[in-house]
Amino acid sequence: MKELQSGVVVRSGGASYIVECDDGLTVRCRTVPGTVSDNEGASLVAVGDRVSFRPKASGTDMPEGVIDHVERRRTALFRRRDLRRNRSREREQVIAGNIDQLVIVSSASDPPLNRRLIDRYLAFAESEHLPVLLVVNKAELADRELLDTELAPYRKLGCDICLVSARRGVGLDELKAQLHGRVSAFSGHSGVGKSTLINILMGSKVLKTAKTSYKTGKGVHTTSSATMLRLPDGGYVIDTPGIREFNLSGITRENLRFYFTEFLPFMPHCGFSSCTHTVEPNCAVIRGAESGEIDPGRYESYLALLETLESDM
Ligand SMILES: Nc1nc2c(ncn2[C@@H]2O[C@H](COP(=O)(O)OP(=O)(O)OP(=O)(O)O)[C@@H](O)[C@H]2O)c(=O)[nH]1
Ligand SMILES: [Mg+2]
Ligand SMILES: [Zn+2]
């Protein structure tokens with residue numbers, strides 16, 4: 001039997017995974033049912049995972065192997081699967097493993113800035129202690145004043161924000177600096193320009209991008225699986241398929257309030273210690289949102305998110 005080798009999963013597609021070894025060699029790997037232990041209800045293997053595999057005889061140009069072991073993930077970007085629509089046993093779909101930072105990619109227009117989705121990502125990142133970078137692409141399409149107003153709550157939260165235009169080549173040096181030396185997962189709505197931005201960062205067209213700009217409601221997703229790429233200046237980026245909905249995982253009706261960090265200083269002043277900040281009298285968070293000390297849009301996102309969550313009681 002050949003000896004075990006190890007590497008990082010850089011692409012997943014169907015039943016096979018492309019693993020890049022430390023020496024740069026890429027190997028097409030499969031899993032054999034029952035051999036890789038259950039990852040506590042989450043995806044068994046995801047892009048970004050470190051795996052060991054056993055090489056096997058290959059009938060093609062690309063070397064092949066069978067995954068033997070997946071190292072425990074340090075961090076992950078994952079979302080809850082809708083089990084009614086999906087027969088998979090995985091409760092959580094891991095989009096990217098072992099990431100150092102979540103890059104929330106949005107666009108100023110076409111499709112319009114989706115604050116609700118940004119707030120979902122932020123709550124998720126907070127619950128997973130993941131550093132976040134907010135990228136707003138297609139900046140050249142925006143009315144600058146309007147955009148600044150929309151982004152003001154995020155600046156106040158202390159979010160790192162990169163305003164970029166892939167088309168005009170604006171803001172890319174700052175983005176490069178933020179990605180340097182880290183593993184960053186790009187995630188966001190379809191059509192915001194994730195793959196376009198990564199191609200520019202790579203200096204060549206390695207990823208497929210949409211031919212036409214975003215068309216409302218068409219539901220076309222150009223990227224269909226995650227890919228990890230090594231940036232020329234160091235660091236890695238993971239391109240992921242656009243999403244319509246980001247179903248929060250691991251967040252409940254009871255703990256959501258702790259992931260809206262600007263609520264925290266207000267919460268001790270609520271009339272009830274178990275205040276949900278929805279209908280209670282003498283709620284300091286509601287008062288904060290009314291006075292504008294808490295951004296009303298963020299508070300609305302909190303209420304909307306709460307509606308979609310289950311209770312853990
Ligand atoms: N106006 C404008 N269009 C852009 C910009 N960046 C990307 N686009 C266009 O936006 C469309 C979508 O770009 P993609 O890179 O395919 O978007 P994506 O986020 O990877 O989409 P999915 O793979 O479906 O998730 C393409 O037509 C791009 O040419 C930009 O800065 N300005
Ligand atoms: Mg894409
Ligand atoms: Zn309250």
Side-chain angles (χ1 to χ4, degrees), residues 11 13 47 77 95-96 103-114 117 121 135-144 147 162-172 175 185-202 204-229 237-246 253-254 256-258 260 262-291 293-294 298-299 302-303 306:
R11 219 157 75 216
V47 169
L77 168 62
I95 302 167
V103 179
I104 307 169
V105 188
S106 57
S107 53
S109 177
D110 191 25
L113 193 79
N114 185 338
L117 186 60
Y121 275 117
V135 170
V136 183
N137 187 30
K138 310 197 188 186
E140 91 283 359
L141 298 178
D143 173 320
R144 192 51 200 265
L147 186 60
C162 279
L163 218 55
V164 301
S165 165
R167 180 145 302 169
R168 298 265 170 88
V170 172
L172 300 172
L175 176 57
F186 278 41
S187 190
H189 200 283
S190 183
V192 295
K194 298 178 291 297
S195 304
T196 306
L197 279 170
I198 293 175
N199 280 341
I200 294 177
L201 295 167
M202 292 297 292
S204 64
K205 191 166 188 296
V206 284
L207 299 168
K208 205 172 131 194
T209 57
K211 288 213 176 55
T212 55
S213 69
Y214 179 75
K215 297 273 182 299
T216 319
K218 281 273 165 67
V220 266
H221 290 232
T222 309
T223 303
S224 57
S225 63
T227 304
M228 182 163 171
L229 296 162
V237 284
I238 301 177
D239 187 25
T240 70
I243 57 162
R244 255 176 245 114
E245 270 269 293
F246 182 69
R253 286 184 67 80
E254 288 75 23
L256 179 69
R257 69 195 79 155
F258 301 108
F260 277 71
E262 72 270 48
F263 292 5
L264 297 176
F266 293 85
M267 281 159 53
H269 306 291
C270 289
F272 300 93
S273 62
S274 62
C275 189
T276 63
H277 323 302
T278 52
V279 292
E280 293 87 346
N282 195 17
C283 169
V285 171
I286 296 177
R287 274 203 308 274
E290 280 168 358
S291 71
E293 286 172 276
I294 289 175
R298 287 270 301 163
Y299 177 67
Y302 168 76
L303 293 181
L306 205 59

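Indexing begins at 1, ligand by ligand and atom by atom, following the structure's order. Small disclaimer: the values here were computed from a predicted structure and weren't measured. Quick note: residue numbers are just sequence positions, from 1.
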Examine Thr223 and say whether one of its N/O/S atoms is closer to the Mg ion (ligand 2) than 2.8 Å.
-> yes
Is a side-chain donor or acceptor of Ser106 paired with a backbone partner of Val135 at a separation under 3.5 angstrom?
-> yes
What atoms of ligand 1 come closer than 4.0 angstrom to any heavy atom of Ser195?
-> 15 (O), 20 (O)
Nearest protein heavy atom with distance in Å, relative to atom 8 (N) of ligand 1 = Lys138 CE, 3.7 Å
Please say whether Thr223 places an N or O atom under 3.5 Å from an N or O atom belonging to ligand 1.
-> yes
Output yes if Thr196 passes the N/O/S-under-2.8 Å test against the Mg ion (ligand 2); output no otherwise.
-> no
Which of the listed options, Asn137, Leu207, Thr196, holds the heavy atom that is closest to atom 5 (C) of ligand 1?
-> Asn137
Do the rings of His277 and Tyr302 sit parallel, tilted or perpendicular, given the 30° and 60° boundaries?
-> tilted
Write out the residue and atom name of the closest protein heavy atom to atom 17 (O) of ligand 1, then the distance separating them to 0.1 Å.
-> Gly193 N, 3.2 Å
Backbone N/O of Val105 and side chain of Asn137: donor-acceptor pair under 3.5 Å = no
If you draw a 6.0 Å radius around CZ in Arg11, do more than 12 non-hydrogen atoms from other residues or ligands fall strictly inside?
-> no
Within a distance under 2.8 Å of the Zn ion (ligand 3), the protein atoms of type N, O or S are Cys270 SG, Cys275 SG, His277 ND1, Cys283 SG
Under 4.0 Å to a heavy atom of Ser165 - the qualifying atoms of ligand 1, by number = 31 (O)
Taking Ser195 as the fixed residue, which of Thr222, Thr223, Thr209 is the one that meets the side chain to side chain donor-acceptor pair (under 3.5 Å) rule?
-> Thr223
Note: heavy atom closest to atom 21 (O) of ligand 1, options Pro241, Gly191, Gly242, belongs to Gly191
Which residue and non-hydrogen atom of the protein lie closest to atom 26 (C) of ligand 1, and at what distance in Å?
-> Ala210 O, 3.4 Å
Nearest-0.5 Å distance that lies between atom CD1 in Ile243 and atom CG in Leu117 = 5.0 Å
Under 4.0 Å, heavy atoms only, figure out whether ligand 1 is touched by the backbone of Leu197, its side chain, both or neither.
-> neither
Note the single closest protein heavy atom to atom 27 (O) of ligand 1, along with its residue, its atom name and the distance in Å.
-> Thr212 O, 3.0 Å
Backbone or side-chain N or O of Lys208 under 3.5 Å from ligand 1 N or O | no
To atom 29 (O) of ligand 1, the nearest of Arg167, Lys194, Lys211 on a heavy-atom basis is Arg167
For His221, take its heavy atoms, then give the atoms of ligand 1 lying under 4.0 Å from any of them.
-> 24 (O)
More than 12 heavy atoms of other residues, nucleotides or ligands under 6.0 Å from NZ of Lys205: is that the case?
-> yes
Within-cut-off N or O pair, Ser190 and ligand 1, under 3.5 Å | yes
Glu140-ligand 1 polar pair, N/O distance under 3.5 Å | yes
Any side-chain heavy atom of Tyr299 sitting closer than 4.5 Å to one from Phe263?
-> yes
Is the side chain of Thr240 donor-acceptor paired with the backbone N or O of Phe186 at a distance under 3.5 Å, no angle test?
-> yes
In Å, rounded to the nearest 0.5 Å, how long is the span from CZ of Phe272 to CD of Glu280?
-> 7.0 Å
Heavy-atom closest pair (Tyr121 atom, Gly188 atom, distance to 0.1 Å) is OH-N, 3.2 Å
Shortest non-hydrogen contact between Ala142 and Ala108, atoms and distance | CB-CB, 3.5 Å
Report yes or no: does Lys194 contribute a side-chain atom to a donor-acceptor pair with the main-chain N or O of His189 at less than 3.5 Å?
-> yes
Specify the closest pair of heavy atoms between Pro265 and His269, including all atoms of both residues, with the distance to one decimal.
-> O-CD2, 3.4 Å
